[in-house]
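Since the structure comes first, as structure tokens, the remarks are kept for the end.
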Amino acid sequence: MFIHELLLRVVVLGTIVLGAYHIHMAEADDSITKPGCRSTCGNLSIPYPFRSSDSESHCGIGHSSLRVDCDDSDNHPTPYMEKRGSGLEILNISLEDHEMRIAMWIGRDCYSSTGYVANLSNFPTLTLAKFPISKTKNKFIAVGCDTYATFKDREGNFAFGCMSICNDISEVTDGSCSGIGCCETSIPRNSFDYNISIDSYRNHTEVLDFNLCSYAFVAENGFYNFSSDDLSGLELEKAPLVLDWAVGDTNCEVAKSSANYMCTENTHCTDAENGVGYKCTCLEGFHGNPYLTNGCQDIDECADPNKNQCNGDCYNFDGSYNCSCPKGYHGDGRKGGQGCTANANPSHLVQILAGAGAGTIVLLFSAGFLYLGIKNRKLIRLKEQYFKQNGGLLLQQQLHERDRTTNATKIFKAEELEKATNNYDESRIVGRGGYGTVYKGLLPNNTVVAIKKSKLVDKTQIEQFINEVIVLSQINHRNVVKLLGCCLETEVPLLVYEFVNNGTLFDHIHNCIKSSKMPWDTRLRIASDIASVLSYLHSAASIPIIHRDVKSTNILLDNNYIAKVSDFGASRLVPLDQTQLSTLVQGTLGYLDPEYLQTNQLTEKSDVYSFGVVLVELITGKKALSFDRPEKERGLAMHFLLSSKNNQLFQIVDRVIADEGNKEQVREVANVAKRCLRLKGEERPTMKEVAIELEGLKANSNHPWMSTVNLNGEEVIHLLGGTTDLAGYMDTADTMNTGPSDSMKNHVMPPVNSGR
Ligand SMILES: *[C@@H]1O[C@H](CO)[C@@H](O)[C@H](O)[C@H]1NC(C)=O
Ligand SMILES: *[C@@H]1O[C@H](CO)[C@@H](O)[C@H](O)[C@H]1NC(C)=O
Ligand SMILES: *[C@@H]1O[C@H](CO)[C@@H](O)[C@H](O)[C@H]1NC(C)=O
Ligand SMILES: *[C@@H]1O[C@H](CO)[C@@H](O)[C@H](O)[C@H]1NC(C)=O
Ligand SMILES: *[C@@H]1O[C@H](CO)[C@@H](O)[C@H](O)[C@H]1NC(C)=O
Ligand SMILES: *[C@@H]1O[C@H](CO)[C@@H](O)[C@H](O)[C@H]1NC(C)=O
Ligand SMILES: *[C@@H]1O[C@H](CO)[C@@H](O)[C@H](O)[C@H]1NC(C)=O
């Protein structure tokens, strides 16, 4: 009953959100052409400097390759490149990527028992005037079992190709284009034309029973998926092919000093890397058509909760936006009341719960467990009921199961925890976060624990707790804060963790006294530990888990500087048949994967990016986000990438480690970080690769005791059980940051570390 109603609401809400998004997109597309110029042909939009050949010449620029000939003669207007006689149908034109898709013929070479069949065969040629075939986005592909196919340039200056031979259909594998039944190869730079030729070695005589024709074509990556059925006849006539386009015939530097330089205000210029000319793009924070006067318009990040990371008020201005600080930070006095500058700690500043959309979170869980939170009293009541009726029971069941196998998780009684925390005494608070408060507790058997309690006033956060239980109950790893149990009797669930007594990694990096006690090999070991635990979460855990909020404040250290990852409140379990999830963007500014921010597609590579930032923090001792740095360098990732690009890596390396004579290792780790911070998720290494690399580097240090850290993330019995004297190690300055908390998401606590 409830599930039904809740589901309905989710669907309705989702529709509203999507609807709004579409309206927004439509507005953004408004002025892609000059006034009065034709902007579409069928489904194709024609952005300036392209123009439709039936509109006036001022609608575009001179070059004929930028002309679109629209054949309106029937109900399906069809756009062609230059002239319809070229036969090159345009599928779409992208301003952002400077790409253009056209449909190209597929070549074929056919045989029958009587030999070559000329009237079925076809060898396409292509000649382009100005725009080259994209080197990175296309492949030359051949299909057949007695086949060799070549791509020749028309002048006969070069040729390349591939061959595929197979004697039996059982040898070929669907989906794999690796030389048996299908082969592929990449396209070189500056290819403006081709003749495709296809030939056979034995006129298909050996394979006539299953393969009459060979095929060859150039196609966009990902378009063609080989199937053995295609050997008996490929249905496709044409395939999309990506061209790179650019304007002008000089590079940016020359173009900038000429009268007809085409990039307008708020743009930047890049040289074409394939073909000639240059490309204009809107600066970050702007969108629109970079070739039109006033084309690049400021993006109002504040209008779209997915585009800003403000918890409080959001101020939009040209090119960016800023957030006002949460209450309690003004007059902090550290940087003269200059807004957020005072809070040099990034995580105080922002934590994205994606503003208005924050209400909807759906949790899927093995048994089909669905949970929803909306900032709505009625629903909160519903939700509580739901939790008690279903969630609580399911959790209990889950924990029981775990109990049987690991004998670790316990269900605590409410009184037990009350007693342990001296009735939740203020003095026991060790951290306060967006999702709740963390208390230090002492159990009757003298175990020191951390107890996390949801804010009573903010009941919508309950699902974060449940999420955390579900996630943590899947994990047993020495580098993950151990969940000891929970309490389901109270209105809000309480989670009980092992107490990690040495503060957060953030604290140790950015407090100068503590950072001086963290030499390079300790940092390297911490990095390696975190990498191996993330690798474990991504691949070795029973259900892959994306942490989603990897940052130095969520990594706790114990007395031996063993790192423990905490705060799984935002994590997601990834069903095995999915590699990415579409979610509300959530994370922490400074650590947030820019690709995820843009696409809302959550993959494990987002954790890789955040880990890269932590790695840079360890190397540089600088904060992930700092308003003390010039605007371009506020984000540490960018600051680091720019510095290392300009060979200034060692100018930003933490002095503590710079003097240690580990230059080579530091450089290697910096290289790993660089790869983790690549803009495109798919170009980043996996956590496993990172873990292996860091492990290798660590092994090169000459400290034998380090080798005890496990690489594969295999499950390890926890080391720190039932200690009695942990309190003795407590440094009072640490207490605010201790415990498995999102303590840095805190909005009411004063900063505890003295910074640099
Ligand atoms: C335009 O797109 C729609 C939906 O994708 C498709 O059905 C239609 O055939 C397309 N029209 C043309 C002219 O390509
Ligand atoms: C361009 O066309 C391809 C294939 O028809 C389609 O997958 C892609 O989404 C289109 N891109 C844009 C920006 O319209
Ligand atoms: C190809 O030519 C053969 C005769 O040479 C004829 O039988 C066959 O119908 C033709 N096929 C097509 C598709 O024109
Ligand atoms: C490519 O094809 C064109 C037209 O069919 C022809 O004129 C040219 O000679 C061919 N080039 C090569 C290298 O085969
Ligand atoms: C390609 O085809 C194979 C087998 O039909 C399928 O398993 C695979 O998912 C397909 N891949 C893509 C990218 O469509
Ligand atoms: C293939 O067929 C051609 C004529 O169509 C013939 O000249 C050639 O010898 C044949 N090759 C083989 C290996 O059978
Ligand atoms: C944020 O923007 C407002 C309005 O432009 C400005 O008054 C304030 O100083 C800005 N704060 C920061 C930290 O840039």
Side-chain angles (χ1 to χ4, degrees), residues 64-65 69 80-90 100 102-135 138-169 171-172 179-220 231-234 236-244 274-275:
S64 60
S65 296
D69 186 8
Y80 291 96
M81 223 174 142
E82 299 188 39
K83 295 196 184 78
R84 61 196 72 176
S86 71
L88 299 177
E89 184 186 339
I90 302 176
M100 179 171 173
I102 60 173
M104 256 316 282
W105 294 102
I106 286 178
R108 51 187 81 216
D109 180 46
C110 293
Y111 297 82
S112 70
S113 49
T114 56
Y116 178 59
V117 185
N119 59 359
L120 290 179
S121 300
N122 164 38
F123 305 101
T125 70
L126 172 68
T127 312
L128 297 160
K130 181 157 193 293
F131 302 150
I133 299 167
S134 168
K135 164 184 175 340
N138 302 294
K139 283 260 160 23
F140 176 64
I141 297 170
V143 177
C145 268
D146 178 6
T147 306
Y148 65 91
T150 45
F151 176 118
K152 298 181 202 164
D153 86 310
R154 291 178 67 102
E155 271 70 56
N157 292 330
F158 68 85
F160 60 88
C162 67
M163 61 176 270
S164 159
I165 290 180
C166 23
N167 292 324
D168 197 292
I169 190 135
E171 289 162 12
V172 307
I180 304 173
C182 175
C183 63
E184 63 179 26
T185 178
S186 27
I187 311 285
R189 252 176 107 238
N190 292 334
S191 303
F192 292 90
D193 51 35
Y194 63 66
N195 285 7
I196 286 180
S197 73
I198 314 172
D199 226 320
S200 77
Y201 293 96
R202 294 185 192 151
N203 296 343
H204 284 236
T205 46
E206 315 280 315
V207 293
L208 281 174
D209 54 330
F210 66 95
N211 178 221
L212 293 174
C213 296
S214 295
Y215 306 91
F217 49 94
V218 178
E220 178 174 13
L231 292 171
S232 54
L234 184 62
L236 297 165
E237 290 257 276
K238 288 184 171 184
L241 182 158
V242 181
L243 307 182
D244 289 327
N274 192 7

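When a ligand or atom number is given, it counts from 1 through the structure's own listing order.
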The protein heavy atom nearest to atom 11 (N) of ligand 6 is Asn203 ND2, 3.0 Å
Among non-hydrogen protein atoms, atom 13 (C) of ligand 6 lies closest to Tyr201 O, 3.6 Å
For atom 7 (O) of ligand 6, is the nearest protein heavy atom under 4.0 Å away?
-> no
Here the atoms of ligand 4 under 4.0 Å from any heavy atom belonging to Arg154 are 3 (C), 4 (C), 11 (N), 12 (C), 13 (C)
The closest protein heavy-atom partner of atom 5 (O) of ligand 4 is Thr125 CG2, 4.1 Å
Numbered in order shown, the ligand 4 atoms found under 4.0 Å of a heavy atom of Asp153 are 13 (C)
The protein heavy atom nearest to atom 10 (C) of ligand 4 is Asn195 ND2, 2.3 Å
- Dump the intermediate steps for side-chain contact (heavy atoms from CB on, under 4.5 Å) on Met104 and Leu88, then the final yes or no. CA-CA 7 Å; Met104 256 316 282; Leu88 299 177; 3.7 Å; yes
Ligand 4 atoms nearer than 4.0 angstrom to some heavy atom of Gly156 are 13 (C)
State whether Asp69 and Arg84 are salt-bridged, where the test is any N-O pair (Lys NZ or Arg NE/NH1/NH2 against Asp/Glu carboxylate O) under 4.0 Å. yes
- Task: Hey, can you tell me if Tyr111 and His204 have their rings parallel, tilted or perpendicular (30° and 60° cut-offs)?
- Result: parallel
query = Looking only at side chains, do Thr150 and Ser197 share a donor and an acceptor under 3.5 Å apart?
reply = yes
When you measure from the side chain of Thr125 to the backbone N and O of Asn195, does any donor-acceptor pair fall under 3.5 Å? no
Nearest heavy-atom approach of Val172 to Cys145 is CG1-SG, 4.3 Å
